[in-house]
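The next block holds one structure in the form of C-alpha coordinates; read it before the comments.
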Amino acid sequence: MGRVLSIDYGVRRTGLAVTDPLQIIAGGLTTVATPALMDYLRNYVAHEQVERFVVGLPRQTNGWDSDNLPRVKNFVAQLTKTFPQIPVEMWDERYTSVMAHRTMLESGIGKMARRNKALVDEISATIILQGWMEAHR
(Lines give C-alpha, C1' and ligand atoms only; values in the text may rest on other atoms or scores of the structure.)
Protein backbone atom coordinates (compact mmCIF):
# COMPACT_ATOMS: atom_id res chain seq x y z
CA MET A 1 0.00 0.00 0.00
CA GLY A 2 1.33 3.44 -0.85
CA ARG A 3 0.79 6.87 0.55
CA VAL A 4 -1.90 9.30 -0.55
CA LEU A 5 -0.54 12.81 -1.06
CA SER A 6 -2.86 15.79 -0.77
CA ILE A 7 -2.18 19.07 -2.55
CA ASP A 8 -3.68 22.46 -1.65
CA TYR A 9 -2.53 24.29 -4.79
CA GLY A 10 -2.01 28.02 -4.61
CA VAL A 11 -0.59 30.74 -6.83
CA ARG A 12 2.42 31.40 -4.56
CA ARG A 13 2.50 28.49 -2.15
CA THR A 14 1.19 24.95 -2.14
CA GLY A 15 0.41 23.01 1.01
CA LEU A 16 1.10 19.29 1.07
CA ALA A 17 -0.12 16.53 3.37
CA VAL A 18 0.40 12.80 3.23
CA THR A 19 -0.88 9.60 4.78
CA ASP A 20 1.26 7.00 6.45
CA PRO A 21 1.98 3.94 4.25
CA LEU A 22 -1.05 2.09 5.66
CA GLN A 23 -3.29 5.13 4.95
CA ILE A 24 -4.51 5.35 8.53
CA ILE A 25 -3.24 8.79 9.56
CA ALA A 26 -3.05 12.06 7.60
CA GLY A 27 -0.36 14.55 8.52
CA GLY A 28 1.01 17.78 7.19
CA LEU A 29 4.09 17.33 5.03
CA THR A 30 5.27 20.84 4.10
CA THR A 31 4.50 23.95 2.11
CA VAL A 32 6.39 24.48 -1.14
CA ALA A 33 6.77 27.56 -3.31
CA THR A 34 4.48 26.76 -6.24
CA PRO A 35 7.15 27.31 -8.94
CA ALA A 36 9.24 24.56 -7.24
CA LEU A 37 6.30 22.18 -6.71
CA MET A 38 6.85 19.76 -9.59
CA ASP A 39 10.53 19.32 -8.71
CA TYR A 40 9.57 18.66 -5.09
CA LEU A 41 6.95 16.08 -6.15
CA ARG A 42 9.39 14.32 -8.51
CA ASN A 43 11.88 13.99 -5.68
CA TYR A 44 9.24 12.85 -3.19
CA VAL A 45 7.78 10.21 -5.53
CA ALA A 46 11.30 8.93 -6.26
CA HIS A 47 11.78 8.19 -2.55
CA GLU A 48 8.26 7.31 -1.35
CA GLN A 49 5.57 5.09 -2.83
CA VAL A 50 2.63 7.37 -3.67
CA GLU A 51 -0.57 5.56 -4.59
CA ARG A 52 -2.74 8.59 -5.33
CA PHE A 53 -2.76 12.39 -5.45
CA VAL A 54 -5.74 14.24 -3.98
CA VAL A 55 -5.89 17.84 -5.22
CA GLY A 56 -8.09 20.44 -3.60
CA LEU A 57 -10.94 21.52 -5.88
CA PRO A 58 -11.38 25.27 -5.39
CA ARG A 59 -15.04 26.24 -5.17
CA GLN A 60 -16.74 29.29 -3.75
CA THR A 61 -19.05 28.82 -0.79
CA ASN A 62 -22.05 28.89 -3.14
CA GLY A 63 -20.60 25.97 -5.11
CA TRP A 64 -19.47 27.97 -8.13
CA ASP A 65 -15.95 27.65 -9.51
CA SER A 66 -13.35 29.90 -7.92
CA ASP A 67 -10.92 32.11 -9.82
CA ASN A 68 -8.15 29.61 -9.05
CA LEU A 69 -9.88 26.65 -10.75
CA PRO A 70 -8.31 27.14 -14.21
CA ARG A 71 -4.83 27.18 -12.63
CA VAL A 72 -5.62 24.05 -10.62
CA LYS A 73 -6.90 22.28 -13.73
CA ASN A 74 -3.69 23.18 -15.59
CA PHE A 75 -1.67 21.86 -12.67
CA VAL A 76 -3.69 18.61 -12.60
CA ALA A 77 -3.05 18.14 -16.33
CA GLN A 78 0.69 18.64 -15.74
CA LEU A 79 0.59 16.28 -12.75
CA THR A 80 -1.17 13.58 -14.78
CA LYS A 81 1.35 13.95 -17.60
CA THR A 82 4.34 13.83 -15.24
CA PHE A 83 3.04 10.90 -13.16
CA PRO A 84 0.78 8.87 -15.50
CA GLN A 85 0.98 5.84 -13.20
CA ILE A 86 -0.50 7.71 -10.21
CA PRO A 87 -4.23 8.50 -10.23
CA VAL A 88 -5.29 12.08 -9.45
CA GLU A 89 -8.55 12.83 -7.69
CA MET A 90 -9.97 16.27 -7.01
CA TRP A 91 -11.62 16.93 -3.63
CA ASP A 92 -13.78 19.86 -2.55
CA GLU A 93 -11.67 22.29 -0.53
CA ARG A 94 -14.40 24.74 0.51
CA TYR A 95 -13.92 26.05 4.05
CA THR A 96 -10.51 24.40 4.52
CA SER A 97 -8.77 27.73 5.19
CA VAL A 98 -11.41 28.65 7.76
CA MET A 99 -11.09 25.21 9.35
CA ALA A 100 -7.28 25.54 9.35
CA HIS A 101 -7.47 28.85 11.21
CA ARG A 102 -9.95 27.36 13.69
CA THR A 103 -7.65 24.36 14.21
CA MET A 104 -4.73 26.70 14.88
CA LEU A 105 -6.78 28.66 17.43
CA GLU A 106 -8.02 25.54 19.19
CA SER A 107 -4.53 24.05 19.37
CA GLY A 108 -3.18 27.13 21.11
CA ILE A 109 -0.87 28.31 18.35
CA GLY A 110 0.19 31.89 19.04
CA LYS A 111 -1.06 34.90 17.12
CA MET A 112 2.18 35.42 15.17
CA ALA A 113 2.32 31.76 14.11
CA ARG A 114 -1.32 31.93 12.96
CA ARG A 115 -0.26 34.61 10.47
CA ASN A 116 2.07 32.09 8.84
CA LYS A 117 0.27 31.44 5.55
CA ALA A 118 2.53 28.49 4.77
CA LEU A 119 1.30 26.75 7.92
CA VAL A 120 -2.31 27.50 6.98
CA ASP A 121 -1.71 25.93 3.54
CA GLU A 122 -0.18 22.80 5.07
CA ILE A 123 -3.05 22.42 7.54
CA SER A 124 -5.55 22.99 4.71
CA ALA A 125 -3.93 20.17 2.72
CA THR A 126 -4.25 17.95 5.80
CA ILE A 127 -7.94 18.81 6.16
CA ILE A 128 -8.52 18.00 2.47
CA LEU A 129 -6.79 14.65 2.96
CA GLN A 130 -8.71 13.84 6.13
CA GLY A 131 -12.01 14.55 4.35
CA TRP A 132 -11.00 12.33 1.46
CA MET A 133 -9.94 9.55 3.83
CA GLU A 134 -13.19 9.70 5.80
CA ALA A 135 -15.23 9.45 2.61
CA HIS A 136 -13.22 6.43 1.40
CA ARG A 137 -13.33 4.28 4.54
Side-chain angles (χ1 to χ4, degrees):
M1 204 174 222
R3 297 177 186 271
V4 177
L5 194 145
S6 172
I7 302 169
D8 181 26
Y9 186 85
V11 175
R12 294 185 190 119
R13 292 171 315 280
T14 297
L16 302 173
V18 68
T19 65
D20 64 293
L22 297 176
Q23 299 180 14
I24 297 170
I25 299 169
L29 181 60
T30 191
T31 300
V32 178
T34 298
L37 178 59
M38 289 308 290
D39 288 337
Y40 182 91
L41 292 174
R42 280 186 200 93
N43 185 51
Y44 189 85
V45 169
H47 294 93
E48 296 288 342
Q49 182 181 356
V50 175
E51 181 177 303
R52 173 177 312 273
F53 293 113
V54 176
V55 179
L57 177 64
R59 299 257 189 228
Q60 295 179 23
T61 55
N62 62 8
W64 294 358
D65 295 347
S66 79
D67 294 339
N68 198 35
L69 185 60
R71 286 185 285 272
V72 171
K73 285 185 175 181
N74 287 336
F75 167 72
V76 167
Q78 182 183 11
L79 190 64
T80 302
K81 184 178 177 183
T82 304
F83 303 102
Q85 74 283 10
I86 303 174
V88 178
E89 188 172 337
M90 297 190 76
W91 193 257
D92 191 345
E93 67 172 34
R94 278 181 283 183
Y95 306 109
T96 56
S97 293
V98 172
M99 291 167 57
H101 279 98
R102 185 177 307 140
T103 299
M104 293 169 81
L105 274 171
E106 291 171 357
S107 66
I109 293 176
K111 187 174 185 178
M112 291 305 290
R114 289 194 310 263
R115 292 182 183 166
N116 180 351
K117 293 181 182 187
L119 182 57
V120 173
D121 293 337
E122 184 178 328
I123 293 171
S124 293
T126 306
I127 292 168
I128 292 167
L129 186 53
Q130 287 173 332
W132 181 88
M133 289 172 66
E134 288 170 10
H136 288 84
R137 291 193 190 221

Quick check: closest heavy atoms across [X] and [Y], and the distance to 0.1 Å?
{"X": "S6", "Y": "L129", "result": "CB-CB, 3.5 Å"}
{"X": "E122", "Y": "L16", "result": "CG-O, 3.8 Å"}
{"X": "Q130", "Y": "A26", "result": "CG-CB, 3.8 Å"}
{"X": "F83", "Y": "M38", "result": "CE1-CE, 4.0 Å"}

Less than 4.5 Å apart, any side-chain heavy atom of [X] and any of [Y]?
{"X": "W132", "Y": "E89", "result": "yes"}
{"X": "N43", "Y": "D39", "result": "no"}
{"X": "I7", "Y": "L41", "result": "yes"}
{"X": "M133", "Y": "V4", "result": "no"}
{"X": "W91", "Y": "V54", "result": "yes"}

| message | Applying side-chain contact (heavy atoms from CB on, under 4.5 Å) to T14 and T31, what does each step give before you reach the verdict? | response | CA-CA 5 Å; T14 297; T31 300; 5.9 Å; no

What distance separates [X] [atom1] from [Y] [atom2], expressed to the nearest 0.5 Å?
{"X": "H136", "Y": "Q23", "atom1": "NE2", "atom2": "CD", "answer": "10.5 Å"}
{"X": "L79", "Y": "I86", "atom1": "CG", "atom2": "CD1", "answer": "7.5 Å"}
{"X": "D121", "Y": "R12", "atom1": "CG", "atom2": "CZ", "answer": "11.0 Å"}

| message | Between T82 and R42, does the side-chain contact (heavy atoms from CB on, under 4.5 Å) criterion hold? Intermediate values first, please. | response | CA-CA 8 Å; T82 304; R42 280 186 200 93; 3.9 Å; yes

| note | Cluster membership besides L22, Ile/Leu/Val/Met/Phe/Trp/Tyr side chains within less than 4.5 angstrom, sorted by chain and number, is I24, I25

| Which other residues end up in the same hydrophobic cluster as M1, if Ile, Leu, Val, Met, Phe, Trp and Tyr are linked when side-chain heavy atoms come under 4.5 Å apart? | none

When you measure from the side chain of [X] to the backbone of [Y], do you find a donor-acceptor pair of N or O atoms at a distance under 3.5 Å?
{"X": "R3", "Y": "T19", "result": "yes"}
{"X": "T34", "Y": "G10", "result": "yes"}
{"X": "T126", "Y": "G28", "result": "yes"}

| task | Start with the C-alpha distance between L57 and V72, add both sets of side-chain angles, then the distance that settles side-chain contact (heavy atoms from CB on, under 4.5 Å), and finish with yes or no. | result | CA-CA 8 Å; L57 177 64; V72 171; 5.8 Å; no

| said: Classify the ring geometry of F75 against Y9: parallel below 30°, tilted from 30° to 60°, perpendicular beyond 60°. | reply: parallel

| said: Looking only at side-chain N and O atoms, does N74 offer a donor or acceptor that is under 3.5 Å from a partner on R71? | reply: no

| Quick check: are there more than 12 heavy atoms from other residues, nucleotides or ligands sitting under 6.0 Å from CG of D67? | no

